[in-house]
Every structure is written in C-alpha cells, then in structure tokens.
Amino acid sequence: MLLYFGINKLVSSGAVFKKAEAQSVLLNSIELPTASGGSRANIAVPLAPLPSATPAEKGSPVVWEVMAWNSQMAGMLANGGPRTTQGSSMAANGLNMQIVRQDDVSKMQADLVKNAIDLQNNPETPGLIVSIMGDGLPAFSAVQMQLQKAGTSLQILPYSCGKSFGEDKLMGPKEWLDNPKSALGKTIACYLRDGDQNIALKWCADNGLKVNPDETTYDPEAVNFMAASDFLVAAEKYIVGKPESRTKVVNGKNTGVKIDVVADGVATWTPGDVNIAKQKGGLVNIVSTKDYSNQMPNIMVTTKRWYDAHQKEVSGIMTAMAVAGDQVKSHPEALQRAADISAAVYADQDKPGAYWLKYYKGVSETDRNGEVVELGGSKAFNFADNLTLFGLDNGGTNIYASVYKTFGDVQKRLYPKELPNYVPLDEMLDLDLLRKLQEQYKGKAIAPAETQKFAADDEIRQSVSKRAWNIEFETGKSTFTPETQRQLNQLFDDLVVAGRLKVAVHGHTDNVGDPQRNQQLSEDRALAVEHWLEQKSSSAFPDGRVQVYAHGATEPVASNASPEGRAQNRRVEVVLGN
C-alpha cells in the first residue's frame, strides 16, 4: 500500500514529527527500487494533497537558482512555492528552500564562488544550488579554478528533477531539413558554449558539416555562429534581423573582405521559440531535445564544501523531488500547481501558470507565416528515471556520463582558448547517496521510468542526420582493427545522447573482388557495429533500435580507380531519424 495520503494528512494537520521519520515515510510512499531494479509493474501513484501556500516556519535553509525552464516542475511542486510551504515534500524533509530565477550562467558561477567563501567564513550560511543544462556542465566547470582558490570544488547532486524534451532546439529554414548542406554559409544565433549551441553543433557533426566557431568571422563554406547574451536575445537577433559586420575567411585565412551577416537560424528554448513563431515566423524545428532526448537533463550543482557538510539535506532534497516527480507525472492537478509555482518563481507577468503548463506539454502551433511549428516540451523525472539516467537500473549505462563526455569534447575541440580542459565527471559526481536510497528500500516496487520502445520492422521515415564513420576492419573481414576502438566509443556516446532516435547502420565496400562477396561483407560489417553497440549497452540499444542495411559496392562516394577513393568507399554510414 502506498502512503502518500498518510504523510500529507500528518503535515497538513500540523502534527509534529522528526525529520528522519518524515523522510522514511515519504521514501516508503514512493517505494524505491532494489539494487537490481525492482518491479517494473505499472504502479498507480495516488494523488497526494497539494502543498499549502503558507510558508514553512522551520527547516534547513538553502537557495536554488534556476533558469526559466520547464524541466523543474517536480522541484517546483516539491517546494510548494518560491519559498518552501507547509505541506510540501521539502518541508516534510526538513528543508526551507528559496527558489530564485537566474538566467545568467556567468552570474550562477560567480554566486557559487561567493557562497563558497561565505561558507568558509560562516558555516551557517545557507547553501547554494544551481540548475544548469547537463550538456553545458563541461563549459560551466571552468569555474572550478576559482572555487579551488576558495578551498573547495564543484559537486553534483546525484539527482535530476527533469529534462528538456523538445523545447531546446535548433530552428532554421525548412530547406535545412531536406538538405543539411544548405546550412553551409549560414549563421545561427545562440548563447555560446551552452546547451542550445550544443544542439546545433551535434547536428552539424552528425551531418558532416564544417563549423566556424569564431563568432567574429564569416566562412562561406561553414556553419557560422552569432553570439547572444542569452537564449531570448538569440531569438530577438533573428526577429529584428539586424546585420553584423564580419571578416570573411576562406580555408582558415583572413581575406580582409568585410561582409554583413544576419541570423538565418536560432538555437534557443521556450519562450524563445514561441517568440520567433509569433513575432516573425519563417523557421521550423531542425532538431531538438525531442530527438537528442538524453542531451539535456537538469543537473543541480553546488560546492563540495556545502555538500559534504549537509548529506541529510541533500538526501532530503532528492527524496522530496522524487515524491513530487511521481505526482507531476501522474496527476494533472499536481502538474497545474507546479506550473502556477513556476510562474511565481519566474515572475513574468505576461506568462501565468497556464503558459508554462501549455509549453511544458509541448504544442503544435501555426507561426506568422502559416507554418506549423512544434513549440515547448519538457518532462519531469521520478526516482526510477534517475536510476536510468545514472546507470543504476539493472546494470544500465550511465547516460549522463556519455552526455558529459560528448559535449565536453566538442566544446574543448572548438573552443580551446575558452575551455582548454574540463573537469572529469568522476571528480564531481558521487552516486553513493543515490545508491543508499536505492538499497534502503530493496525489494519494494517502484513507479517505473519512461522507456523508449522500438519496433524491429519500423524503418526511419524522417532522417535527422547522416554521417560516414571511419570504422576500420581487417582486410576482407568483419573484425574491427585495434585502432578503431576510439571511433566506436565516440559513436556509442553520440548515439546514447540521441536516445529516442532510431539508428540505421549502412555497410559499404569498394569494388575490388566478387560483388556477391562484397554484398555479404558489407552486411557482416554493419552487423558487427550493431552487435558491438548492443553488447556494450542493452539498455541504450534495446531490440529494434538499430537496423542494418548492406549495399556492397553499389553506392560509391569516390572513384574506385585509386587507393584513396577505395578507402573512402569502404565505410559505415549511420543515419539517425524518427
């Protein structure tokens, strides 16, 4: 029997009981999973009484800085308001949290450093937690040097309250969908070195498009970027259409020629996408976190100084959000309250709770030019979703580790001056508290995580990307060479990020030898890639996600008359799509 009603009656009636008892009852109410995964039955979660609007009188103080981002619905309900309220799961777990809107990432970094210094001088100082896009953490980790000067370092809370599922996106002209190469010579406005630019960068990489990372120059043979101070300004640059003067570069060399460029596309999130559709139109979704569905979990970061000294509070926050996550996912009433709280936190008079609820769910609307565009889209996480995210569910893959490495490597390669290195994930992420909560309720059932189902015969209908991978095989065999391991690992991480997309592996050979033998060899090599992916992670590559196609020597991309051309034709192409 689930105990939501019991705990909330106790709280709402003003009964007093110990924090440890409250935490235990709440944890029992969500029936956490076993270390081996627990039951996967479709468990109904009863609706709990909603938190009151009356501020909580007691609790350990903590500040949570958030962007205006719908992935935080579970955290909003957990808190009951901008400040913790009576009857909320945060209050029941002994927390008194103040949620503050902060869209400026650099200000978040500065506030963490200040909080670290304040804690050093006065350990009673309220702790600070900031929420950022998970794929943006490698760039965010540049603050580590300043924190180390303050005698501490970054620490991740091993729990995510939700993720973007469509609202963060690359928007561009419709022709980019059918022909990604038409984006070459165009300019995308975005906030640099953060999650939305990462969507654009991954789309470019997946389609083999050259990128010019220097926002002060223009390369007609690359995708260019226009820097914006935040995601809303990025949308505004497209809407206003004001040109920027750039120096033209060709093959990396400055030509001295000046050219005006405008924003042809935008990487943004809600309400940036809504503003584009309503105020100007003309752009469609090229790719979003609905496609790269594992890219952007909401990751909460604090300092090791506060984290180590407040393990009970951290566990309480995780527990409170787990309870609220099940409520938001299961009951419209709970989601509506979370949206109303979001409106109060974000303090935008033009956007009431109904606005945030609408775009949390995601909608299709007609823009000013009559084009139907998908807008918004986020998801709340429960406890089981977190076990899946961090790889604790049935020995699954640590999805977030793949996300972190994929985008850390991309940003480091493109911006070596701004990000010469990024902090290794294992220096910031300790899963012990998550494992303890999992083990504490071993043998109990759990409200299940969301999983993507794939049909074995369901082919890709809409391609998102197509890329040839330099996966080398031993001559005339389907056996990988030792040198190809790095490519395989990169392919694995890239495909884990794109968790919702189907994967088609196409095998090709040169024209040397018997055509029938080449046809079979191309199939064997494509199958080898499929089997390697599935053996490395059955959770990331369930049955039906990867499909294999063999082409033999029938689709060359270069002349077979030279060794170089034949080498290009011996390839594996990976197509991602819906």
Side-chain angles (χ1 to χ4, degrees), residues 68-70 164-191 195-197 199-204 206-207 209 215 218 220 222-244 246 259-292 348 350-352 354-378 461-465 577-578:
W69 183 18
N70 265 328
S164 172
F165 189 68
E167 69 169 291
D168 292 86
K169 64 194 60 174
L170 168 62
M171 302 182 75
K174 197 171 185 178
E175 56 263 28
W176 291 9
L177 281 175
D178 300 323
N179 180 21
K181 284 185 169 53
S182 63
L184 295 174
K186 305 300 183 181
T187 302
I188 298 170
C190 64
Y191 183 82
D196 296 316
Q197 187 193 27
I199 294 175
L201 291 174
K202 179 165 171 53
W203 179 76
C204 290
D206 285 350
N207 285 288
L209 304 180
E215 71 274 16
Y218 170 75
V223 176
N224 301 274
F225 288 93
M226 181 181 288
S229 56
D230 64 37
F231 71 104
L232 291 175
V233 173
E236 184 180 347
K237 284 180 177 286
Y238 168 75
I239 295 166
V240 174
K242 182 179 179 180
E244 293 185 4
R246 300 284 180 89
I259 186 169
D260 285 343
V261 302
V262 295
D264 304 291
V266 183
T268 187
W269 84 83
T270 305
D273 59 347
V274 178
N275 293 347
I276 288 170
K278 292 185 175 181
Q279 296 178 33
K280 186 174 183 177
L283 301 183
V284 300
N285 290 358
I286 304 303
V287 67
S288 76
T289 48
K290 201 169 186 177
D291 306 302
Y292 299 151
D348 189 334
D350 296 328
K351 298 178 177 63
Y355 177 96
W356 296 104
L357 176 63
K358 175 182 179 180
Y359 292 112
Y360 169 85
K361 295 177 178 179
V363 296
S364 293
E365 294 185 336
T366 303
D367 72 5
R368 288 196 61 174
N369 296 341
E371 189 74 50
V372 176
V373 184
E374 290 186 9
L375 304 171
S378 280
R461 294 180 293 276
Q462 176 65 54
S463 173
V464 170
S465 64
N578 294 297

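Values reported hereafter were calculated over all heavy atoms of this structure, with side chains retained and with hydrogens, waters and symmetry mates removed.
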Counting C-beta onward and ignoring hydrogens, is there a side-chain heavy-atom pair between Pro271 and Phe231 closer than 4.5 Å?
yes
Point-to-point distance, once rounded to the nearest 0.5 Å, from CZ of Arg368 to CD1 of Ile239
10.0 Å
All heavy atoms of Gly166 vs all of Thr289, minimum pair found to be N-OG1, 2.7 Å
Donor-acceptor pair, Asn70 side chain versus Trp356 backbone, under 3.5 Å?
yes
Between Val223 and Lys186, is any pair of side-chain heavy atoms under 4.5 Å apart?
no
Keeping Asn224 on the side-chain end and Ala222 on the backbone end, is there a donor-acceptor pair under 3.5 Å?
yes
One should read off an interatomic distance between Thr270 OG1 and Lys358 NZ, to the nearest 0.5 angstrom, of 11.0 Å
Do Ile199 and Trp269 pass the side chain to side chain contact (heavy atoms under 4.5 Å, CB included) test, and can you show the C-alpha distance, the side-chain angles, and the key distance before you say yes or no?
CA-CA 11 Å; Ile199 294 175; Trp269 84 83; over 6 Å; no
Polar side-chain atom of Asn207 near backbone of Cys204 as donor-acceptor pair, under 3.5 Å
no
Side chains of Tyr292 and Asp206: is there a donor and an acceptor less than 3.5 Å apart?
yes
Inter-residue atom distance Trp203.CH2 - Leu209.CG, 0.5 Å rounding
5.5 Å
Once rounded to the nearest 0.5 Å, what's the spacing between atom CE of Met171 and atom CG of Asp273?
6.0 Å
Under a 4.5 Å cut-off applied to non-hydrogen side-chain atoms, are Lys169 and Val287 in contact?
no
Minimum side-chain heavy-atom gap Glu374-Val363 below 4.5 Å
no
Provide the closest heavy-atom pair for Phe225 versus Cys190 in the form atom of the first, atom of the second, distance.
CD2-SG, 3.7 Å
With side chains defined as the heavy atoms from C-beta onward, is the minimum distance between Asp196 and Tyr191 less than 4.5 Å?
no
Evaluate the side-chain proximity of Ile188 to Leu170: yes if any heavy-atom separation is below 4.5 Å, no if none is.
yes
Qualifying residues under salt bridge (Lys or Arg N to Asp or Glu O under 4.0 Å), relative to Lys280, sequence neighbours excluded:
none
Could you check whether Glu167 and Ser378, counting side-chain N and O atoms only, form a donor-acceptor pair closer than 3.5 Å?
yes
Would you check if Val274 and Tyr359 make a side-chain contact, meaning some heavy-atom pair closer than 4.5 Å?
yes
Side chain to side chain contact (heavy atoms under 4.5 Å, CB included) between Met226 and Glu244, intermediate numbers included
CA-CA 9 Å; Met226 181 181 288; Glu244 293 185 4; 3.4 Å; yes
Distance under 6.0 Å and angle within 45° of the ring axis: does Lys351 meet both against Tyr355?
yes
Checking Asn369 side chain against Glu371 main chain: does a donor-acceptor pair fall under 3.5 Å?
no
Take Lys242 and Glu236, measure what side chain to side chain contact (heavy atoms under 4.5 Å, CB included) needs, and give me the verdict at the end.
CA-CA 10 Å; Lys242 182 179 179 180; Glu236 184 180 347; over 6 Å; no
Any salt bridge between Arg246 and Glu215, counting N to O under 4.0 Å?
no
Check whether any side-chain N or O of Asp264 sits under 3.5 Å from a backbone N or O of Thr187 as a donor-acceptor pair, and report yes or no.
yes
Kindly determine whether Ile276 and Thr268 satisfy side chain to side chain contact (heavy atoms under 4.5 Å, CB included), including the steps that lead there.
CA-CA 10 Å; Ile276 288 170; Thr268 187; 4.3 Å; yes
Does a side-chain N-to-carboxylate-O contact under 4.0 Å join Glu175 and Lys181?
no
Quick one: do the Asn285 and Ser288 side chains pair a donor with an acceptor below 3.5 Å?
no
In terms of heavy-atom contacts, Ala189 and Lys237 come closest through CB-CB, 4.2 Å
When you compare the side chain of Leu283 with that of Val266, does any pair of heavy atoms fall below 4.5 Å?
yes
So does Val372 get a backbone contact from the side chain of Thr366, meaning a donor-acceptor N/O pair under 3.5 Å?
no
